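One structure below.
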Amino acid sequence: MAYWLMKSEPDEMSIDDVLARPQSTVPWFGVRNYQARNFMRDGMQVGDGVLFYHSSCPQPGIAGIAEVASSAYPDHTQFDPRSHYYDPKSKPEEPRWQMVDVKAVRKTRLLPLSELRANPALEDMVLLQKGSRLSITPVTPAQWKTIQALLK
DNA sequence: GCCAACGTTGGC
DNA sequence: GCCAACGTTGGC
């Protein structure tokens, strides 16, 4: 069992949007960063805990709890020339980009980035490191536990 | 809109 | 393999 933080722009896909979907589940398409892809492909297992983070919005922070709902499989948007996420260099016989399904578990209070930064127990979070921009980052069990307590 | 930080591309 | 140029992310 591992833990992750996944960023989503609420204008694109908020925690409410995911909860409103069938099975509260969404395919996490559009990741175009190798490190983030590798976390999905090599690290994630069904049932892993996910902190659902709202980014690029007025109040960035953790907005909900989710879980990994599938193992990694090819992201079909990479082959669609009309898609914003089209990658002409990726071939169907050798897909470059993968995705997983993510299932929303519950909405939480908005736990703002500023509150995460202010908590000494969380100072090592990958999310909070200088210059960190990864849309998918690992979370340690201790960090997960701290955040669960903050969301109680 | 600004800008720091980082990733990718491509010429050499 | 180096590295300049460019594109993207994302908080502010």
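Throughout, protein chains are lettered first and strands after them, A, B, ... in sequence-line order, and every chain is numbered starting at 1. As the structure is a prediction and not an experimental result, all values here were calculated from the model.
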Legend entry - d(CE, A:Met125; C1', C:dG11) in whole Å: 16 Å

Legend entry - salt bridge (Lys or Arg N to Asp or Glu O under 4.0 Å) involving A:Arg37 - partner list, sequence neighbours excluded: none

Inset, instruction - Could you list the residues that satisfy side-chain contact (heavy atoms from CB on, under 4.5 Å) with A:Ser56, not counting sequence neighbours? - result: A:Glu9

Return the polar atom pairs (N/O with N/O) between nucleotides 6-10 of chain C and the protein under 3.5 Å, or none.
unit_1: C:dT8; atom_1: O2; unit_2: A:Arg133; atom_2: NH1; d: 2.6
unit_1: C:dT9; atom_1: O3'; unit_2: A:Arg133; atom_2: O; d: 3.4
unit_1: C:dG10; atom_1: OP1; unit_2: A:Lys7; atom_2: NZ; d: 2.7
unit_1: C:dG10; atom_1: OP1; unit_2: A:Arg133; atom_2: O; d: 2.6

Legend entry - Sequence neighbours excluded, every pair satisfying salt bridge (Lys or Arg N to Asp or Glu O under 4.0 Å) that has a member inside residues 111-122 of chain A: A:Arg109-A:Glu115

Legend entry - Residue mapping more 5' on DNA chain B - nearest nucleotide basis, A:Lys89 or A:Gln35: A:Gln35

Legend entry - Those residues that, when tested against A:Ser14, pass side-chain contact (heavy atoms from CB on, under 4.5 Å) (two or more places apart): A:Pro10, A:Asp16, A:Asp17, A:His54

Side-chain atoms of residues 122-134 of chain A: list all donor-acceptor pairs with protein atoms under 3.5 Å, sequence neighbours left out, distances to 0.1 Å.
unit_1: A:Gln129; atom_1: NE2; unit_2: A:Glu123; atom_2: O; d: 2.9
unit_1: A:Gln129; atom_1: NE2; unit_2: A:Met125; atom_2: O; d: 2.7
unit_1: A:Ser132; atom_1: OG; unit_2: A:Val126; atom_2: O; d: 2.9

